[in-house]
Amino acid sequence: MAKHNSIKHPAAIVIFGGTGDLTKRKLIPAFYNLFLSKHLPEKFTILLLGRNEDKNEQFKKDLFDGIAAFSRNGTPDDNNWKIFSSNIFYQQGNFLDNSTFVTLKEHLDAFDKKNKQRCLRTFYLAIAPQFIEPSAEGLYKNKICNQVKLDRIVVEKPFGTDLATAQKLNTFLQKRFSEKQIFRIDHYLGKETVQNIMAFRFANTIFSPVWNNKYIDHVEISLSEQVSIGKRGGYYDGSGALRDMIQNHLLQLLCVVAMECPGKYDEASIRNAKAAVLKKIKPYTEAEVFKNIVRAQYTSGTINEQPQQGYLQEENITPSSTTETFIAGKFFINNERWKGVPFFLATGKCLPKQASVIMIQFKDSPYKIFKDDTVPNRLLISIQPEQEISLLFESKVPGVQMKLKPVEMDFTYKESYTEATPEAYETLLLDVLDGDATLFMRSDQVEAAWKVVMPIINAWKKNPKKQLLKYAAGTWGPTAATSLLKPYAKNWVVLPATKKS
Ligand code: BG6
């Protein structure tokens, strides 16, 4: 959503956690694609900060492999790679040691000097939560990130582990930097299909009049993942699906679906409208948590004909862990538009397939003139891997009788556009360089999202084993997730065949 097509001002980008997985899989491929599409300024430098020693520029070979494996544009060609990689450097350093920041400052000052101006500076903190504050402190104390208009700090999730730690981190950062400089990233907001929801809702007259509790029966937002937790046990066991996915990605999607039309298409108005939704989500009591939220953990099973071990057997998982890898919940928004409309959210790892879908189910037709039962209208917004919007409506089956059957009206990106779809990180990184925080989380949004999930965290903490279900890897999660939908629906659209837990 960057205001500018390309950035002209020379830019220095510093990635803390420069040898990490995110850098290799997402950040460098995204910067490379921005470089290819000429969105990066002509003069840029990317400095990777990491704790390990680098021998013979091995890091560049790793980055090349990362782009080849994960970039939408595939393996870099020699010429482009030569130019791009000549701007990337590695600095070994410990984030807890001030000398790291002294050396960093020297590099940044030298880049300014070479370009005869104070350049843009972006500090991307792709590091474990315990290093965020020390790193931010190092930047602050050494006056490296001190120009509000030019310097930005990007903080990856998890932003805190609960409301108190998120508030503490917000206070810590806001004491040292202006809120304008702080970019709390939630990559779901950068996805093309998610950005399109605003266009769909607010640029088309036909949907606004029916986008409320008078016409909408319920909403489902499901992010089903086929992947396991893989090697992320160290992080995931302390997090679980609630903190890893609901607190951020799913609640953000809910905001985009439920927000009022912002007064203007600008940063403040859009973020205000989203924050207003979060603040109106009904908080649960402990008893309500166990009635409205289902949690489960995967056991061994088979995915794509491959054996998958159970969660408790994964690397770095406490053998008696009660961390959930699946969660489904019913939420209500207490405002005029949404009163009485349940929002069902679900996400899980090791499910049969990947599918991120928002489903809006409309109320049944008020006219009961046909012999057949009518199927209510449904709007399906598929975020990934399919990128499409389809509307399900009743139609007469050709023939001599009045027989009804639901049919679909489809819009797919593939058929409608020739333009390539940028990766979420491309959009978001360009926005950071451009200083546009519209698609990033403001401090109050992050805190409001934590407030929604805190009753659940607390209820589970107090009753660690209560109603913790199991599901075999490769199945659609526990049956209790389906029961949650009653009486609104018989099955989830994305978790269609929930099997016995
Ligand atoms: C991350 C979570 O934020 O989002 C991961 O930490 C999850 O656990 C990922 O797999 C999902 O993102 P995407 O873009 O692959 O749907």
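Counting convention: from 1, in listed order, for ligands and their atoms alike. As the structure is a computational prediction, the values presented were derived from the model and not from experiment. All heavy atoms count here, side chains included; hydrogens, waters and symmetry mates do not.
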Handout entry: Protein heavy-atom partner closest to atom 12 (O) of ligand 1 - residue, atom, separation in Å
Key = His187 NE2, 3.1 Å

Exercise for the section: Say whether Gln445 and Lys274, considering side chains only, have a donor N or O and an acceptor N or O under 3.5 Å apart. Expected result: no

Exercise for the section: Please say whether Tyr235 places an N or O atom under 3.5 Å from an N or O atom belonging to ligand 1. Expected result: no

Practice task
Run the numbers for me: atoms of ligand 1, each under 4.0 Å from some heavy atom of Lys191, listed by number.
Solution key: 13 (P), 14 (O), 16 (O)

Exercise for the section: Could you say whether the N/O atoms of Gln384 and ligand 1 ever approach to under 3.5 Å? Expected result: yes

Completion exercise
Short version for Tyr236: what comes under 4.0 Å of ligand 1, heavy atoms counted, is neither

Exercise for the section: State, with a plain yes or no, whether a side-chain heavy atom of Ile293 is found less than 4.5 Å away from one of Gln467. Expected result: no

Fill in the blank from the handout: In ligand 1, the atoms that come under 4.0 Å of a heavy atom of Asp244 are 2 (C), 5 (C), 6 (O), 8 (O)

Problem - Note, Lys168 side chain near Glu133 side chain (heavy atom, < 4.5 Å) - result: yes

Handout entry: Test of proximity, Glu225 against ligand 1: N or O pairs below 3.5 Å
Key = yes

Exercise for the section: Measure centre to centre between the rings of Tyr471 and Phe326, then say whether the value is under 6.0 Å. Expected result: yes

Exercise for the section: Answer with yes or no whether the side chains of Tyr298 and Glu314 bring together a donor and an acceptor at under 3.5 Å. Expected result: yes

Practice task
Below 4.0 angstrom from a heavy atom of Lys349, which ligand 1 atoms are there? Numbered from 1 as shown, please.
Solution key: 5 (C), 7 (C), 8 (O), 10 (O)

Exercise for the section: Could you list the atoms of ligand 1 found under 4.0 angstrom from a heavy atom of Lys157? Expected result: 1 (C), 2 (C), 3 (O), 6 (O)

Problem - Whether Phe44 and Phe84 hold their rings parallel, tilted or perpendicular, with breakpoints at 30° and 60° - result: tilted

Handout entry: Ligand-residue contact atoms, ligand 1 with His249, heavy atoms, under 4.0 Å
Key = 1 (C), 3 (O), 4 (O)

Practice task
Report yes if some heavy atom in the side chain of Gln387 is under 4.5 Å from a heavy atom in the side chain of Lys191; otherwise report no.
Solution key: no

